[in-house]
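Below: one structure, written as structure tokens.
Any value given below was found using the heavy atoms of this structure, including those in side chains, with hydrogens, waters and symmetry copies removed. Per chain, numbering begins at 1; letters A, B, ... match sequence-line order.
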Protein chains: 2
Amino acid sequence: MGNSKLYKGSLNTIILKLLEEKGKMYGYEITQKVKELTKGELKITEGALYPALHKLEAEGLLDVEVAKVDNRLRKYYKLTEAGEKETVNRLAELEEFIRSMQNLVNPKWSIE
Amino acid sequence: MGNSKLYKGSLNTIILKLLEEKGKMYGYEITQKVKELTKGELKITEGALYPALHKLEAEGLLDVEVAKVDNRLRKYYKLTEAGEKETVNRLAELEEFIRSMQNLVNPKWSIE
DNA sequence: TTCTTATGCATAAGAAAATTATGTATATAT
DNA sequence: ATATATACATAATTTTCTTATGCATAAGAA
């Protein structure tokens, strides 16, 4: 299972990006969304996700809001103001990184 | 200095790809080439590079050839046959990963 | 009705893969 | 002389993941 050892370092940015898009999401929802968007190629494990969410919250980039749906707990996360600013920066960095990787891996692509 | 925390996991593939292109390269040359190709954005540190080269060699994917140029040591690495095969696989995996990341970060790009 | 799968959170132990800090040595430019 | 560039290497530490485990409810299958 889960053999995507390549996304190391980009998990935080992925989380921020999704929250920027959707407004608010809860942990399990994020794992499912990523699986869906990448056609199952990228699987966010809970062991990676929850600590990452807690850290982003501790850094003041996320706010939490607890809800109970169908008698089950959900923790909805959304960007703080600081989080919105950081998201812009980190996304730019990630996009630049992706471009660099393309340049390395397949220079032809980036000519156009 | 070196603030590219994003390429984690892809160093091995980058090395293999460069060797596939250039035939043979030595460590220091690889660091400079990557810096050049990414316009300074990606800096391979020696602490990451040399262990990676040694590991790829131990796995039978690389061959070494020592040379002395200007009284300085150089260790030229090149792909073994097994290394050439692995390079194809790992490049495909990395390209697929890059596509996934694009899909997450900027879905618009990947429609075309 | 029992068992599995899905939903939902969390943390601890361990592994992988980097960074940072050293160390050695020669060559070149200031 | 001194700093920078070239060239290799490794140890200590940190970051960031995977794997394993734990708790709990809901829904569907057997």
Would you kindly give the [atom1]-to-[atom2] distance between [X] and [N], to the nearest whole Å?
| X | N | atom1 | atom2 | value |
| --- | --- | --- | --- | --- |
| A:Leu73 | C:dA6 | CG | C1' | 16 Å |
| B:Glu29 | D:dT6 | CD | P | 12 Å |
| B:Ile30 | D:dA9 | CD1 | P | 11 Å |
| A:Asn12 | D:dT15 | CG | P | 12 Å |
| B:Glu57 | D:dC8 | CD | C1' | 13 Å |
| B:Lys35 | D:dA7 | NZ | P | 13 Å |
| A:Leu56 | D:dT16 | CG | C1' | 13 Å |
| B:Lys33 | D:dA7 | NZ | C1' | 19 Å |

Who pairs with D:dA30 - Watson-Crick or G-U, where each distance is under 3.5 Å: C:dT1
So how far is it from [X] [atom1] to [Y] [atom2], rounded to the nearest 0.5 Å?
| X | Y | atom1 | atom2 | result |
| --- | --- | --- | --- | --- |
| A:Glu86 | A:Leu62 | CD | CG | 11.0 Å |
| B:Thr87 | B:Lys85 | OG1 | NZ | 12.0 Å |
| B:Glu21 | A:Leu104 | CD | CG | 8.5 Å |
| B:Glu20 | B:Arg90 | CD | CZ | 13.0 Å |

Closer than 4.0 Å, any side-chain N/O of [X] to the OP1 or OP2 of [N]?
| X | N | result |
| --- | --- | --- |
| A:Lys43 | D:dT18 | no |
| A:Lys75 | C:dA10 | yes |
| A:Asn71 | D:dA24 | no |
| B:Tyr26 | D:dA7 | yes |
| B:His54 | D:dC8 | no |
| B:Tyr50 | D:dC8 | yes |
| A:Arg72 | C:dG8 | yes |

Between A:Ala52 and B:Glu46, name the one whose nearest nucleotide on DNA chain D is closer to the 5' end. B:Glu46
Heavy-atom nearest nucleotide on DNA chain D for B:Tyr77 versus A:Lys55: which residue maps closer to 5'? B:Tyr77
How would you label the contact of [X] with the nucleic acid (heavy atoms, under 4.0 Å): base, sugar-phosphate, or nothing?
| X | answer |
| --- | --- |
| A:Gly27 | sugar-phosphate |
| A:Lys68 | nothing |
| A:Arg74 | sugar-phosphate |

A:Thr38 side chain vs B:Ser100 backbone, donor-acceptor pair below 3.5 Å: no
If hydrophobic clusters are built from ILVMFWY residues whose side chains come within less than 4.5 Å, do A:Met25 and A:Val64 share one? yes
Among the candidates D:dC8, D:dT18, D:dA9, find the nucleotide nearest to the side-chain atoms of A:Ala48. D:dT18
